[in-house]
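Naming convention: chains lettered A, B, ... in sequence-line order (proteins, then strands); numbering from 1 in each chain.
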There are 2 protein chains.
Amino acid sequence: MGLRAGLRAGPPEGLRERKKQLTREALVRASLELFIAQGYERTTVDEIAEAVEVSQRTFFRYFAGKEEVALASQSRIEAHVKTLMRARPPEERPFEAMRNAVLAGWDSLGEAIGESVPVSLHMRSYLLIESTPALIAAHLRRSMELEEEMAALIAEREGLDASDPRPRLAVAAFSGVMKVAGRLWSQGDDLSVRALRDLMVASLDSFGPAMAADWRSPAP
Amino acid sequence: MGLRAGLRAGPPEGLRERKKQLTREALVRASLELFIAQGYERTTVDEIAEAVEVSQRTFFRYFAGKEEVALASQSRIEAHVKTLMRARPPEERPFEAMRNAVLAGWDSLGEAIGESVPVSLHMRSYLLIESTPALIAAHLRRSMELEEEMAALIAEREGLDASDPRPRLAVAAFSGVMKVAGRLWSQGDDLSVRALRDLMVASLDSFGPAMAADWRSPAP
DNA sequence: CAGGCTAATGTCAGCCACTGACAGTTGACA
DNA sequence: TGTCAACTGTCAGTGGCTGACATTAGCCTG
């Protein structure tokens, strides 16, 4: 131990492991670039494999399907947010904790997705997802799983029984708001991370009013 | 005109149109029965086509894909709810109108899905969807489209600009609650329509408290 | 009611995502 | 260094889905 110098998180286990990591990252990068350049459907797995110089079979040993590689960098963020959520101080109320975890997640985007996928590529891949029906579907399913984990986390934080529906309701509302923000962002023209973050904050802030107020009376 | 007697809604245009309708219904029925009996993935399109005695190619002329036929009876309900939503009196607030439209939709399930698909078959198909990852994904995507239409409807009702995010936020929250209710239902053991309806009402009723209350203090 | 028009269907060939089986290659480690 | 296990490539096959073209069958007009 302690032999290696200048590395941060996970020390590469050996040559084999390092090569695998490299192949994986190359596949993600090549996939995203091809998807963005020519569209998701119009890109075949053979093309991706060829670009990375591996066989098609190898591609499928790294990813369960074409969808998975398209959502790969998105998954990194979700994992990151989950970690941050677990680290939230227990005094924070559920909504507050989720809000802080998500915002902190986007503020540290770079660390979340690693060096192999530049931030701008990641953002364009997000855009790709939002504009490709097959990927929208896959993404929503993954989000549902995330929601369930978040609800379980919150139930634990608050000391509630697993059957209590309130955490699930709160999480459903929260991620509904996030989805609206994501959609607004993808339809706007400022594709920066900052713009997305601002939209998230704005959507969260107008959620309360949106639920309570009488929209027909002139705004307060 | 006026020659035909004793028919209700859409007068069958002729023999050709009637046969198409019949084929379509037979495909939906056979699909659902096969899916339920042996699972969605383990059922091939060839099997379905064979059961109805049409070619595989014909199947794909009626449905864009295997997913679509699995969601067919679900789609009927969504269309029905949309209609009911449009008929809601304008005095109702958005949440109220959505709630009433959805509940009324389930109360008139029979009329919505027609005779070709019995209610119990429909409910089991709903269960199938909730337990099949590929169908969950497809269903969530369709729900998203429904949400957008609902938001547009509400924006119009309330006389709001299309860019106002509040209708979208309200709809997102509402359908988040509905999804939770659907999930609770599919995981319970009472698979009746009544049970689903009750869960929807219960979820809607506990939504307010779930958002506002301090869950840690003993319930009021 | 014959015959042409057109919509609906069947047949065939082919693409692409994905998988199992088997063989070859290459790090790991005694 | 040689053995083992992990990783990769090749091949053959299944199933969803599509375009092109031929065939059938309701429809409509004279």
**OP:** Return the value, rounded to whole Å, for the distance between atom CD of A:Gln38 and atom P of C:dC16.
**Re:** 12 Å

Original post:
Using a cut-off of less than 4.0 Å, is there contact between a side-chain N or O of B:Lys20 and OP1 or OP2 of C:dA7?
Top reply: no

**OP:** Run the numbers on A:Val201 and A:Arg99 for side chain to side chain contact (heavy atoms under 4.5 Å, CB included), then give the verdict.
**Re:** CA-CA 8 Å; A:Val201 171; A:Arg99 175 192 171 113; 3.8 Å; yes

Original post:
Rounded to whole angstroms, how far apart are NZ on A:Lys19 and C1' on C:dA28?
Top reply: 13 Å

Original post:
What about B:Arg18, does its side chain sit under 3.5 Å from the base of D:dG26 through a donor-acceptor pair?
Top reply: no

Original post:
With nearest nucleotides of DNA chain C determined for A:Arg57 and A:Val45 from heavy-atom distances, which residue corresponds to the more 5′ nucleotide?
Top reply: A:Val45

Original post:
Touch check for A:Tyr62, heavy atoms < 4.0 angstrom, all strands: base, sugar-phosphate only, or nothing?
Top reply: sugar-phosphate

**OP:** Tell me whether the OP1 or OP2 atom of C:dG10 has a side-chain N or O from B:Thr58 closer than 4.0 Å.
**Re:** yes

**OP:** Please confirm whether any donor atom in the side chain of B:Arg61 sits under 3.5 Å from an acceptor in the base of C:dG10, or the reverse.
**Re:** yes

Subject >> Rounded interatomic separation in angstrom, taking CD from B:Gln56 and C1' from C:dG14 >> reply: 13 Å

Subject >> Rounded interatomic separation in angstrom, taking CZ from B:Phe35 and C1' from D:dG15 >> reply: 13 Å

Subject >> Sugar-phosphate only, base, or nothing, as touched by B:Ser55 at under 4.0 Å among non-hydrogen atoms >> reply: base

Subject >> Trace of the side chain to side chain donor-acceptor pair (under 3.5 Å) decision for B:Ser206 with A:Arg166 >> reply: CA-CA 7 Å; B:Ser206 46; A:Arg166 291 175 298 175; over 6 Å; no

Original post:
How far does CD of B:Gln74 sit from CD1 of B:Ile113, to the nearest 0.5 angstrom?
Top reply: 10.0 Å

**OP:** Measure the distance from CD1 on A:Ile48 to P on C:dC18 and round it to the nearest whole Å.
**Re:** 10 Å

Subject >> Integer-rounded Å distance: C:dC18 C1' and B:Arg42 CZ >> reply: 17 Å

Original post:
Does C:dC18 have OP1 or OP2 sitting under 4.0 Å from an N or O in the side chain of A:Lys66?
Top reply: no

Original post:
Which class fits the ring pair A:Phe207 and A:Phe95: parallel under 30°, tilted 30 to 60°, perpendicular over 60°?
Top reply: parallel

**OP:** Using atom CZ of B:Phe60 as one end and atom P of C:dA8 as the other, report the distance to the nearest whole Å.
**Re:** 19 Å

Original post:
Closest heavy-atom contact between B:Tyr40 and B:Leu128?
Top reply: N-CD1, 4.5 Å

Subject >> Residue whose nearest DNA chain D nucleotide is more 5′ - B:Phe59 or B:Arg16 >> reply: B:Phe59

**OP:** Using atom CZ of B:Phe63 as one end and atom C1' of D:dT18 as the other, report the distance to the nearest whole Å.
**Re:** 18 Å

